[in-house]
There are 2 protein chains.
Amino acid sequence: MTNQNNEVTYSIGELAKEFDITPRSIRFYEEQDLLSPERTGQTRIYCNKDRVRLKLILRGKRLGFSLAEIKNLFELYDSNANSMLQLEAMLKMTEQKRAILRQQLDDIQMLMNELDEVEKRCRDELADLQKRGC
Amino acid sequence: MTNQNNEVTYSIGELAKEFDITPRSIRFYEEQDLLSPERTGQTRIYCNKDRVRLKLILRGKRLGFSLAEIKNLFELYDSNANSMLQLEAMLKMTEQKRAILRQQLDDIQMLMNELDEVEKRCRDELADLQKRGC
DNA sequence: CCTAACCCTAACGTTAACGTAAATCAATTT
DNA sequence: AAATTGATTTACGTTAACGTTAGGGTTAGG
């Protein structure tokens with residue numbers, strides 16, 4: 001659908017289906033101040049910006065961030081920090097998050113290696129089974 | 001400490017301190033069948049293999065895996081699968097985990113990009129503040 | 001007019017992963 | 001001998017992130 005400004009909009013059900021989650025989850029994210037869609041009457045109307053936000057929420061979740069941390073990132077992103085103190089706090093925050101992501105990159109690399117091993121052992125045994133006739 | 005085979009061993013407290021978690025957590029992982037240390041009397045004695053396992057558990061956690069999934073990975077790793085069906089199931093599992101890790105790599109890349117943006121905006125404003133005398 | 005398919009709020013229930021407290025035991029230290 | 005330190009079990013408490021149920025409103029189709 002489109003709203004009065006000819007922008008694309010979504011119902012809660014559409015977004016739920018698109019991202020394979022329940023409407024309950026989306027409402028919950030709103031309750032936690034991660035979303036704030038428009039309304040027509042009681043009904044929530046999500047614009048594209050809301051949809052992007054939701055995508056970011058789910059991305060954060062896949063990386064093991066809590067909703068509180070994700071909210072934190074949003075506030076960081078939205079904030080019009082103007083004092084030097086605020087700006088420096090923000091830089092500190094981004095660096096912290098970056099450190100977590102780097103750690104995760106390491107973790108992924110090591111887990112991938114272990115999966116390689118498991119897989120190799122597995123293929124070897126399969127080949128062995130084939131050779132001995134099966 | 002070392003055990004009768006001259007292998008290095010650890011108390012629960014030592015491991016807890018090393019990995020910056022509580023003994024309670026370590027006992028909980030055991031309760032969930034993720035660890036199975038030896039005992040002398042009542043006291044748990046962890047060998048190096050246990051320590052490695054613990055490291056793997058924490059790595060999995062940092063990547064957002066549940067303890068159940070981690071246990072799953074362990075069983076996969078330990079399993080002496082011998083039937084073709086089992087081996088193929090294992091390959092399927094590793095591929096699934098791999099897909100998750102790839103997804104996370106993507107997620108990390110995108111989040112990093114967004115952090116770059118935030119940081120850039122932040123530095124620009126800081127420079128601006130400097131320029132206008134402060 | 002009815003019902004099906006949406007939407008809503010409110011509120012209680014659930015699960016994972018521990019935290020925390022109580023009571024006890026064993027080995028050191030003072 | 002008394003106290004500290006670190007281990008144990010048992011069991012109830014807690015938080016996050018929803019699930020689920022109950023009750024109700026509104027629009028499109030038959």
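Protein chains get the first letters and strands the later ones, always in sequence-line order, with residue 1 at the start of each. What you see below is based on every heavy atom in this structure, not just the backbone, and it leaves out hydrogens, waters and symmetry mates.
- At whole-Å resolution of the value, CZ in B:Arg27 and P in C:dT20 are 14 Å apart.
- Heavy atoms of other residues, nucleotides or ligands lying less than 6.0 angstrom from CE of B:Met110 number 12 at most.
- Proximity of residues 39-48 of chain B to DNA chain D (heavy atom under 4.0 angstrom from any strand atom) is restricted to B:Arg39, B:Gln42, B:Thr43, B:Arg44.
- Atom pair A:Glu30:CD and C:dC8:C1' shows a separation of 11 Å (rounding to whole Å applied).
- Shortest non-hydrogen contact noted between A:Ile12 and A:Pro23 is CD1-O, 3.7 Å.
- Residue pairs meeting the salt bridge (charged side-chain N to carboxylate O under 4.0 Å, His left out) criterion with at least one partner in residues 22-32 of chain B, sequence neighbours excluded, are B:Glu30-B:Arg39, B:Glu30-B:Arg44.
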Distances under 3.5 Å between protein N/O atoms and the N/O atoms of nucleotides 21-23 of chain D, please, pair by pair.
none

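- A 6.0 Å sphere centred on CD of A:Gln86 holds more than 12 heavy atoms belonging to other residues, nucleotides or ligands.
- A donor and an acceptor atom, one from each side chain of B:Tyr10 and B:Asn48, are located under 3.5 Å apart.
- Taking a cutoff of 4.0 Å between a charged side-chain nitrogen and a carboxylate oxygen, A:Arg51 and A:Glu14 do not qualify as a salt bridge.
- The phosphate of D:dG19 (OP1 or OP2) has a side-chain N or O of A:Ser25 nearer than 4.0 angstrom.
- Rounded to an integer number of Å, the gap from B:Ile21 CD1 to C:dT20 P is 15 Å.
- Across the protein-nucleic acid pair, B:Ile12 atom CD1 and D:dT8 atom C1' stand 9 Å apart, rounded to whole Å.
- Its side chain within the 4.5 Å cluster rule, A:Leu76 clusters with A:Tyr77, A:Met90, A:Met93, B:Val118 among the Ile, Leu, Val, Met, Phe, Trp and Tyr residues.
- Between A:Phe74 and the choices A:Asp33, A:Leu35, A:Leu34, the side-chain contact (heavy atoms from CB on, under 4.5 Å) rule is met once, by A:Leu34.
- Atom CD of B:Glu31 is separated from atom P of C:dG19 by 13 Å (rounded to the nearest Å).
- Atom CG of B:Asp20 is surrounded by 12 or fewer heavy atoms from other residues, nucleotides or ligands within 6.0 Å.
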Give me, pair by pair, the N or O atoms of the protein and of nucleotides 10-17 of chain D that are less than 3.5 Å apart, along with how far apart they are.
{"unit_1": "D:dA17", "atom_1": "OP1", "unit_2": "A:Leu67", "atom_2": "N", "d": "2.9"}

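- Under 3.5 Å, the side chains of A:Ser25 and A:Thr22 contain a donor-acceptor pair of N or O atoms.
- C:dC18 atom P lies 10 Å from atom CG of B:Leu34, rounded to whole Å.
- OP1 and OP2 of C:dC18 both lie 4.0 Å or more from every side-chain N or O belonging to B:Thr22.
- Here side chain to side chain donor-acceptor pair (under 3.5 Å) pairs that include residues 105-115 of chain A, with residues two or more places apart or in two chains, are A:Asp107-B:Arg62, A:Glu114-B:Arg59.
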